[in-house]
Structure formats: structure tokens, C-alpha cells
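Below is one structure, written out as C-alpha cells; the observations come after it.
Being a predicted model, the structure only gives us computed values, none of them experimental. Throughout, a chain's letter reflects where its sequence line sits, starting with A, and its residues are numbered from 1.
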2 protein chains.
Amino acid sequence: MKLTRRKLEIVATAAKLFRKKGYNAVSMRDLAQALEIKAASLYNHINSKQEILGIIILDVAENFTQHMNSVSPENISSIKKLESVIENHIQITIEKTDALACLNNDWMHLEKLDLENYLMMRNTYEAKMRNIIEQGIQQKELQERNIDLVLFSLLSTLRTLHLWYSKNKEVSPQLLFEEMKQNLLHGIIR
Amino acid sequence: MKLTRRKLEIVATAAKLFRKKGYNAVSMRDLAQALEIKAASLYNHINSKQEILGIIILDVAENFTQHMNSVSPENISSIKKLESVIENHIQITIEKTDALACLNNDWMHLEKLDLENYLMMRNTYEAKMRNIIEQGIQQKELQERNIDLVLFSLLSTLRTLHLWYSKNKEVSPQLLFEEMKQNLLHGIIR
DNA sequence: GTCTATACCGTGATAGAC
DNA sequence: GTCTATCACGGTATAGAC
């Protein structure tokens, strides 16, 4: 899908607003005002409000999918794979903060086809990450635990890291990565 | 505030719907239909849609506040305090799944006074938990880390545990507590 | 305490002039 | 590519009968 310069502006501005107030609480008039045009003018660039949401969310989802597909089959330890996943989440958090928030909060408002597409990607992503954890346990790299709860513990923090980052943008990606790797993999107890 | 039997039903049903679709995506007609009455009839029990949201969210927020106020000044180790906080989050997750989801997703749609009240409670809660972590580091119970990131790592998982729990209701509270304590405090690496 | 009827407003979206 | 004007719809909420 090609996006014109103007369409990209609209999508980026929408992501910012959606993140702050939620998809349903942002009207096309709000969006237009933020771009200093009238609501009707938006429709020369986009077909519907839901189309905008789809573009925002599926772009991020594809980023995650692509990275997982490249890491998952590599011939490295499970811990290295998890570190790579953590690093990727942090990078996307930094580069696409607004869009990531939209994905987390408003995916359920996607239109039918986009929703199916998104859910398929998410399920595949979680399944592959689950496999990494399972393998890590089998090979004694990780402790014996409830796999689904380990998966959830990691993902819940990584998915919502944008909430912390948007209030602490001055932190360096390196520090963020090192600290999160420690917190998530090694815990906090001395 | 006293709540009649019927008002409690309305609030509980609303929480269920809000959790599934989000506050703004649930209309008063939807809510009425779920209760098998007409939308207008709701207004004999409640004053506005936002009032319902306020009741749902502030009740949960007060639960958290109360527990933190009782644990924070106790004369026990920081680790014991953190364990108690984790346990409380899990208990509320189990007992008030829907309301907790509303608090997480829709707090920004509270009306002015409720919003101020909620934010004050949240800030106080986080400050007290931050103090527990800080003290734990000073007393060498916890590793030297970025305090705010440790705080975020713990809270991000605890706050969204309802997402996992609503799909895994058969798990016992004891197992959930033991596993989460391990994941959050000790990490996952062997 | 629930109903019908209705007021009033904001919503997403379209038509057509410029 | 943006505008004005407008539409059909669904939103929250109220009035008043039963």
C-alpha cells in the first residue's frame, strides 16, 4: 500500500490523538482541527476513520511479526532469543510510541478484515515466543515454571513500556535495554 | 455512598460491557438491553453514564489504597511488603476482574472530580511502592537498579494480569501467587 | 420502576462549488 | 485539495403516563 505525504501526516496525527484519548473519543473533527483543515477534507485522503486505525496498527504488528520470524529459527540459545525480542520491543517502543499505544488499546475497534489479520499475527507471535520459552526450560536455561505465566509476565511489561517511556524520553535505549533485560530475566532480588 | 440492589446490578453489568468494548463503545441502549430494560429506565437508578464509570473505578482504587496504607508502614522486610502487594493485586484481579480492566483502560474518561480523586490515589500508591523498592535497595535486599523501571516492571504486569486471568480462570490463587512472585522477584533464568 | 415519546446534539460521511 | 452545506444516524438524557 502506497501512502502519500499527506496521508502519512494524517495517520501520524491520528495516532497521537488516539493514544491520548482513545479511538472512540477522537472525532474526525478533532483530527481535522489538529491538522488545521476541515473534517470533510480528510476524506480526499482516507476512506474512513477505521482505515486510519488499520494503517496505524497493522504497520506495528508487521514489524513485530517480521522480527519474530527472523529470530525464532536462529541457531542461538533461548536466552539470546529472548534478549533479542526484548530489544526489538524497546526499539519499537521508542520509534513508534503512539502507534504502539493504539495497538494495545484500540485493536478491538479494527474493521473485520484488519481485525482478523491482526489477531492472526498476534497469535502466531505469542505461539513462537511460547516455543522459545518452552525450549529454554527443556534445555535448563530457564527455571521450571508455568510457561503461559512466564510468557504473560514478559509480554505484559514489554507491551506497556510505552507508558513509562512517554514520560521518560530522555533515557538512552542502551540503559533501557540493560535494565529491562535484568528486571525481566534475572528478577530484582539480590 | 449507598447502592441499592438494582444499582449494583447496573454497575456490575456495565463493568462487564465496558471491559469487553471500552467505555465509549458501550451505549446506554447496549447497557439497558443487557439488563433487559429500556435505556430511559436506567436513569431512575443512576444520574449519568459517567457516574457508573466513577463507581466502578473508585471502588477498586480505594481497595488498592487501603491495602497499601496498611502494608506500607509495617515493620517487615521490603521483600515481604512486595509479596503482600503482589498478593493483593492478584486477589483484586480475581475478585474484581471487570472493574480492574475498566480502571486500566478507561480511567481517562472519568468526570473531573472523580478523575482528580483517582489520580491522587494512583500517585500516592506509586509513591509508596517506590519507597518500598528504594528501601529494599538501600538495605541490600534488592539489586541496585533504576528504581522507576523496577516499579514499572512490577506494576505493568500486576495491572494487566486480568487479561491473562480472564482466559485462565481455573487456576488456583495460590499457584498464581507463587508463580508471579517467582517471575517478578526472582526472574526466569535458572 | 418501567415504559413511550421525544429533545437535542455530535458523529461519520457525501455532494458539489471553487 | 480544501471548502460549505447537508444528511442520516445514534448518542445521552428528560418528561410524563402507567
Closest to the A:Ser27 side chain, choosing from D:dG11, D:dC3, C:dG12: C:dG12
Within 6.0 Å of CD in B:Glu111, more than 12 heavy atoms from elsewhere: yes
Test item: B:Tyr23 side-chain N/O and B:Gln50 main-chain N/O as donor-acceptor pair under 3.5 Å: yes
Value in whole Å for how far the C1' atom of C:dG12 lies from NE2 of A:His45: 17 Å
Nucleotide of C:dA5, C:dA13, D:dA5 approaching B:Ala40 most closely (side-chain heavy atoms): C:dA5
Of the listed nucleotides D:dA13, C:dG12, C:dC3, the one nearest the side chain of B:Lys38: C:dC3
Nearest-Å distance for atom pair CG/C1', residues A:Leu42 and D:dC3: 12 Å
Atom pair distance, as rounded to whole Å: CZ in B:Arg5 and C1' in C:dG1: 16 Å
Residue whose nearest DNA chain C nucleotide is more 5′ - A:Ala25 or A:Asn47: A:Ala25
Any donor-acceptor N or O pair under 3.5 Å, side chains B:Thr157, B:His89: no
Between C:dG10 (C1') and B:Asn24 (CG): distance, integer Å: 13 Å
Same apolar cluster (I L V M F W Y, side chains within < 4.5 Å links), A:Val71/A:Leu185: no
Sugar-phosphate only, base, or nothing, as touched by A:Arg29 at under 4.0 Å among non-hydrogen atoms: base
Among D:dT12, D:dT14, C:dG12, the one nearest A:Lys49 by side-chain distance: C:dG12
Value in whole Å for how far the P atom of C:dA13 lies from CD1 of A:Ile52: 9 Å
Whole-Å distance separating the CD1 atom of B:Ile10 from the P atom of D:dT12: 14 Å
B:Asn104 side chain vs B:Arg159 backbone, donor-acceptor pair below 3.5 Å: yes
Side-chain N,O (B:Ser41) to OP1/OP2 (C:dC3) below 4.0 Å: yes
Rounded distance in Å - CD (B:Glu51) to C1' (D:dT12): 14 Å
Rounded distance (Å) that lies between atom C1' of D:dG1 and atom CG of A:Leu35: 13 Å
Short side-chain N/O contact to D:dA13 OP1/OP2 from B:Tyr43, under 4.0 Å: yes
